[in-house]
Amino acid sequence: EYEIPTQKKNIPRDMKYEVRNIHRQSSNYDAIRGVGGRDAVKDVYLRSPGDEMAWLVGRVASVSDVSPPRAIDRQFPLIERHGWLLRPVDLHPRRGPFEVWYTEVGESDEDVLSGNPAVAFLRVEEDDVRIDEGSKQDVRANEVGFKAVSYGDDGSDDERVGVRLTEDGRILATGEDLAAQAAAMATATAPAPTAVSSSTSVITEEGMEVEATEADVLEKMRSTLSLEDLLDDSDFQELMDKM
């Protein structure tokens, strides 16, 4: 089973989760998308081991001789860290290595939200990124791009697309379906306010305990108005360095 390496020693400087790298790859995305159109882009989703829910993290673009899996592989440090920012618990790096999925047709998030069964999800496998004889050896940063998904100013999930997938990439349920179910259940019993502790943990279906971040930093991540401000925040940087 393929695992994209994310250890710090393997992260190239041009793909560290920093403002300049995020902006450069976003500009690259726009340039490639402008030439190649929708065919040049794919939507990228991450899923934690043992989970059914995959979360949209952003879109990748690549020139014609760079495959979508290799575009994802080249930019994965940005993709993974942004996923953590969007879903601080569900996509916490300690829950990885993540499964990486992409849509066969890019810019399909509206179809995903509607549960359109025609949307095809493909999983990145080891053979997809293997460098064989005759294939492109090195992927330059300007040959690929990454457009990160934004998040609600109030930390809400309004702009976050989640989908429950089968093992072969078929849609079981969308995040909107699950949110509607949760809302219906919430009307039956309103929970009393509870204090948030300084740290929490999450148990996956396999019983694996995952360290969560401190509550105050989590709150800051989910409510910050500007990504630039967040990346300049010393608490956030200290937390990210521990990952």
Side-chain angles (χ1 to χ4, degrees), residues 1-7 17 42-60 68-69 72-73 75-104 108-109 111-117 119-126 128-129 146 148-149 151-152 155-186 199-213 215 218 221-222 239-240 242-243:
E1 192 168 288
Y2 178 58
E3 299 178 359
I4 293 180
T6 58
Q7 295 89 346
Y17 196 64
K42 307 295 180 185
D43 302 351
V44 180
Y45 290 71
L46 297 183
R47 181 165 75 171
S48 295
D51 286 356
E52 290 182 333
M53 183 67 71
W55 298 99
L56 175 65
V57 177
R59 298 188 176 99
V60 297
I72 293 170
D73 185 65
Q75 302 174 103
F76 192 70
L78 293 180
I79 294 169
E80 184 199 43
R81 283 299 187 263
H82 193 69
W84 171 54
L85 180 63
L86 292 172
R87 306 294 308 182
V89 174
D90 300 291
L91 296 178
H92 193 288
R94 292 195 186 96
R95 298 195 68 184
F98 301 116
E99 295 178 6
V100 185
W101 296 79
Y102 65 95
T103 54
E104 192 171 38
S108 59
D109 46 305
D111 289 329
V112 170
L113 283 173
S114 68
N116 187 341
V119 178
F121 283 82
L122 304 174
R123 183 172 172 176
V124 178
E125 304 287 358
E126 184 174 4
D128 297 329
V129 297
F146 173 59
V149 169
Y151 53 95
S156 68
D157 288 341
D158 291 346
E159 298 181 37
R160 301 175 189 178
V161 179
V163 59
R164 182 172 286 172
L165 295 176
T166 63
E167 287 302 312
D168 59 354
R170 291 181 293 107
I171 295 177
L172 280 174
T174 68
E176 286 191 342
D177 295 334
L178 300 175
Q181 294 173 14
M185 294 178 62
S199 64
T200 59
S201 63
V202 175
I203 307 299
T204 67
E205 293 179 49
E206 288 76 19
M208 179 178 66
E209 183 172 304
V210 180
E211 294 270 339
T213 58
L218 267 173
M221 284 193 293
R222 296 176 68 86
L239 181 65
M240 189 165 61
K242 296 177 183 178
M243 297 300 106

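For the numbers below, each heavy atom of this structure counts, side chains included, while hydrogens, waters and symmetry mates do not.
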Undergrad: Check the pair Leu165, Trp101 against side chain to side chain contact (heavy atoms under 4.5 Å, CB included), reporting the backbone distance first and the verdict last.
TA: CA-CA 10 Å; Leu165 295 176; Trp101 296 79; 4.0 Å; yes

Undergrad: Nearest 0.5 Å, what's the CZ-CE distance between Arg47 and Met53?
TA: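 The CE atom of Met53 is 10.0 Å from CZ of Arg47, to the nearest 0.5 Å.
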
Undergrad: Say whether, by atom type as modelled, one donor and one acceptor occur between the side chain of Lys42 and the main chain of Arg59 under 3.5 angstrom.
TA: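 Flag not set: sc Lys42 to bb Arg59 has no pair under 3.5 Å.
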
Undergrad: Run the side chain to side chain contact (heavy atoms under 4.5 Å, CB included) test on Val100 and Ile72 for me, step by step, so that the C-alpha distance in whole Å, both residues' side-chain angles and the decisive distance to 0.1 Å come before the verdict.
TA: CA-CA 9 Å; Val100 185; Ile72 293 170; 3.7 Å; yes

Undergrad: In sequence, state the C-alpha distance, the side-chain angles, and the governing distance for Leu86 and Leu91, and then conclude on side chain to side chain contact (heavy atoms under 4.5 Å, CB included).
TA: CA-CA 8 Å; Leu86 292 172; Leu91 296 178; 5.6 Å; no

Undergrad: Determine whether a donor-acceptor pair (N or O, by modelled atom type, separation under 3.5 Å) exists between the side chain of Asp43 and the backbone of Thr103.
TA: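 No, the answer is negative, given that no donor and acceptor are paired below the 3.5 Å cut-off.
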
Undergrad: What heavy-atom pair brings Asp111 and Ser114 nearest, and what distance separates the two atoms?
TA: O-OG, 2.8 Å

Undergrad: Between Asp168 and Thr166, do the side chains contain a donor N or O and an acceptor N or O under 3.5 Å apart?
TA: yes

Undergrad: Apply the test side chain to side chain contact (heavy atoms under 4.5 Å, CB included) to residues Glu99 and Asp51: give CA-CA distance (whole Å), side-chain angles for both, the deciding distance (0.1 Å), then the verdict.
TA: CA-CA 10 Å; Glu99 295 178 6; Asp51 286 356; over 6 Å; no

Undergrad: Can you tell me which residue among Val149, Val112, Val57 is in a side chain to side chain contact (heavy atoms under 4.5 Å, CB included) with Val161?
TA: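 Running side chain to side chain contact (heavy atoms under 4.5 Å, CB included) over Val149, Val112, Val57 with Val161 returns exactly one hit, Val112.
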
Undergrad: As an exercise, state the distance from NE2 of His82 to CD of Gln75, rounded to the nearest 0.5 Å.
TA: 13.0 Å

Undergrad: Identify the two heavy atoms, one from Pro49 and one from Pro97, that lie closest to each other, and give their separation to 0.1 Å.
TA: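 That would be CG-O, 3.3 Å.
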
Undergrad: Can you tell me how far apart CZ (Phe76) and CZ (Phe98) are? Round to the nearest 0.5 Å.
TA: 7.0 Å

Undergrad: Could you check if a side-chain atom of Tyr102 sits within less than 4.5 angstrom of a side-chain atom of Leu122, using non-hydrogen atoms only?
TA: yes

Undergrad: Tell me, please, which residues at least two apart from Phe121 pass ring-ring contact (aromatic ring centres under 6.0 Å, His included).
TA: Tyr45

